[in-house]
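Okay, structure first, notes after.
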Amino acid sequence: MPQPPATTSFYAEVTRTFTEFALPIRRSLIHLGATPQEAEDAMHNAMVAIYDNRPQMERPAAYMMKAARNQWLTMLRSSSRLTELNGEDVPMVADCTTKTPENQALSHEYQHRVVRALKRLPVAQREAFVLRADERFSYGEIAEITGRKESTVRQQYKRAVAELRKLLEE
């Protein structure tokens, strides 16, 4: 049986990985301040760039997150919206899964408190927290995604957790 060309397996692997991680990547971009449309555009642009350049990816999920993040940051720089990252229009983190109206209302209020607290963090801390706590990337993967040292990412995450605890106790 003839082997498929190497490019076919590359595209298949990228497509499989993208399908598996598209929702977490989109959610991460929104947590960082992207609008849903900006997140979609950044993900699309990242996939086009990956398909065109066919890079070596040791950790495909981290690579795709980094590519989408960089595409979003490029879009922000060109639209001069970078200064709005700490604005008041960050979307909800997740839908409530509890059943009673009382629990849904309490959960909804807590989600708003968490989102408001996240928005008060410096962008680097917010990014480290979202990628680690919400998306479960390792510190090494976050360092690769953000272009920072792993020790810096660890410190930013630790500071974010401490600050969030303080903000949520208020």
Do you know the tightest heavy-atom contact between [X] and [Y]?
X    : Y    : value
L118 : R126 : O-NE, 3.2 Å
M57  : F10  : CE-CE1, 4.1 Å
A160 : L121 : CB-CD1, 4.0 Å
R69  : I145 : NH1-O, 3.5 Å
P24  : E20  : CD-O, 4.1 Å
A117 : L168 : CB-CD2, 4.1 Å

Tell me whether the rings of Y139 and Y157 are parallel (<30°), tilted (30 to 60°) or perpendicular (>60°). perpendicular
For M65 and E135, what are the C-alpha separation, side-chain angles and deciding distance, and is it a side chain to side chain contact (heavy atoms under 4.5 Å, CB included)? CA-CA 10 Å; M65 180 65 216; E135 302 305 330; 5.9 Å; no
Heavy-atom distance under 4.5 Å between the side chains of [X] and [Y], does that happen here?
X    : Y    : answer
L131 : H31  : no
Q156 : T146 : no
E40  : L29  : no
W72  : L32  : yes

Once salt bridge (charged side-chain N to carboxylate O under 4.0 Å, His left out) is applied, what residue pairs with a partner in residues 142-152 remain, sequence neighbours excluded?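 Listed by first then second residue: R59-E144, E127-R148, E150-R154.
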For the side chain of R26 and the backbone of A39, is there at least one donor-acceptor N/O pair under 3.5 Å apart?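 Flag not set: sc R26 to bb A39 has no pair under 3.5 Å.
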Is a side-chain donor or acceptor of Q125 paired with a backbone partner of P122 at a separation under 3.5 angstrom? no
For D52, side chain to side chain contact (heavy atoms under 4.5 Å, CB included) partners two or more places apart: V48
Going by ring-ring contact (aromatic ring centres under 6.0 Å, His included), name the residues that satisfy it together with F18, two or more places apart in sequence or in a different chain. none
If you apply the rule side chain to side chain contact (heavy atoms under 4.5 Å, CB included), what do you find for F129 with I142, and how did you get there? CA-CA 10 Å; F129 182 82; I142 298 168; over 6 Å; no
Are the charged groups of E169 and K166 less than 4.0 angstrom apart, N to O?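 Judged by the 4.0 Å cut-off on N to carboxylate O distance, E169 and K166 do not form a salt bridge.
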Tell me whether L167 is reachable from V161 by hopping between hydrophobic residues (I, L, V, M, F, W, Y) whose side-chain heavy atoms are closer than 4.5 Å.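 No, V161 does not connect to L167 through the hydrophobic network.
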